[in-house]
Amino acid sequence: MVDATTRFFEDLDRRGYEPLLAKASGTLRIDLHEGAQTRHWLLAIDHGRLEVSQEDQEADTVIGASPALFEDIASGREHGLAALLRGDMTVSGDARLVVQVERIFPGSPDARGPRRRFTQEVH
């Protein structure tokens, strides 16, 4: 069974382009810390074109979180900016990229509004 975090990044990689990030460019690395181990996801954005890898390399912005918290964000059970404001997540580098990327995460399954869910197919 694939977790929501892996599914989220694999979906981004498969799509290769995200119109909501058409004005964004930069690299964002997510470091998921669990004990002595850290799992990395690297998202390279070039005006909406996306490349995803699990490389541990320099990035414009680095987010640090627990795997459980990011799983909740990737599944829409938690809001990333709220977690950041509570201090449950850390950000270093260009925080503007976090605000831009936040809009591609799914909203709460119970929420109403324009935010789409990642389970939808985009053609």
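All residue numbers in this chain count up from 1 along the given sequence. All values reported here derive from a predicted model rather than from experimental measurement.
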Any side-chain heavy-atom pair from Leu32 and Trp41 closer than 4.5 angstrom? yes

d(Leu84 CG, His79 NE2) to nearest 0.5 Å is 10.5 Å

Residue list, side chain to side chain donor-acceptor pair (under 3.5 Å) with Thr90, at least two apart or on another chain: none

In sequence, state the C-alpha distance, the side-chain angles, and the governing distance for Asp31 and Ile63, and then conclude on side chain to side chain contact (heavy atoms under 4.5 Å, CB included). CA-CA 6 Å; Asp31 292 346; Ile63 293 174; over 6 Å; no

In short, salt bridge (Lys or Arg N to Asp or Glu O under 4.0 Å) pairs touching residues 33-46 with sequence neighbours left out are Asp3-Arg39, Asp46-Arg49

Donor-acceptor check, side chain of Ser75 to backbone of Ala4, threshold 3.5 angstrom: yes or no? no

Is Val91 close to Val62 at the side-chain level, that is, under 4.5 Å between some pair of heavy atoms? no

For the residue pair Val101 and Ile45, establish whether any side-chain heavy-atom pair is separated by less than 4.5 Å. yes

Rounded to the nearest 0.5 Å, what separates atom CD in Gln54 from atom OG1 in Thr6? 6.5 Å

Pairwise distance CG(Leu21) to NE2(His47) - rounded to 0.5 angstrom: 11.5 Å

Could you give the distance from CG (Asp94) to OG (Ser25), rounded to the nearest 0.5 Å? 11.0 Å

With side chains defined as the heavy atoms from C-beta onward, is the minimum distance between Leu42 and Val52 less than 4.5 Å? no

Minimum heavy-atom separation for Leu97 and Ala24, please, with both atom names. CD1-CB, 4.5 Å

Nearest heavy-atom neighbours spanning Glu55 and Gln57: OE1-OE1, 2.7 Å

Do His40 and Arg29 make a side-chain contact, defined as non-hydrogen atoms from C-beta onward lying under 4.5 Å apart? yes

Got Ile30 and Leu28 here, is their nearest side-chain heavy-atom distance under 4.5 Å? yes

For the pair Glu71 (side chain) and Thr5 (backbone), establish whether a donor and an acceptor sit closer than 3.5 Å, ignoring hydrogens and angles. yes

Starting at CG of Leu50, measure out to CZ of Arg14 and round the result to the nearest 0.5 Å. 12.5 Å

Evaluate the criterion salt bridge (charged side-chain N to carboxylate O under 4.0 Å, His left out) for residue pair Arg86 and Glu78; output intermediate values, then yes/no. CA-CA 12 Å; Arg86 283 194 314 268; Glu78 177 64 76; 3.1 Å; yes

Under the salt bridge (charged side-chain N to carboxylate O under 4.0 Å, His left out) rule, collect the residues that match up with Asp13, sequence neighbours excluded. none

So do the side chains of Leu69 and Met89 get within less than 4.5 Å of each other, counting heavy atoms only? yes

Working note: Val98 + Thr61, criterion side chain to side chain contact (heavy atoms under 4.5 Å, CB included); need CA distance, chi angles, decisive distance, verdict. CA-CA 8 Å; Val98 174; Thr61 306; 3.6 Å; yes

How are the rings of Phe105 and Phe8 set relative to one another: parallel (under 30°), tilted (30 to 60°) or perpendicular (over 60°)? parallel

Would the distance check show the side chain of Thr38 and the main-chain N or O of His33 forming a donor-acceptor pair, the cut-off being under 3.5 Å? no

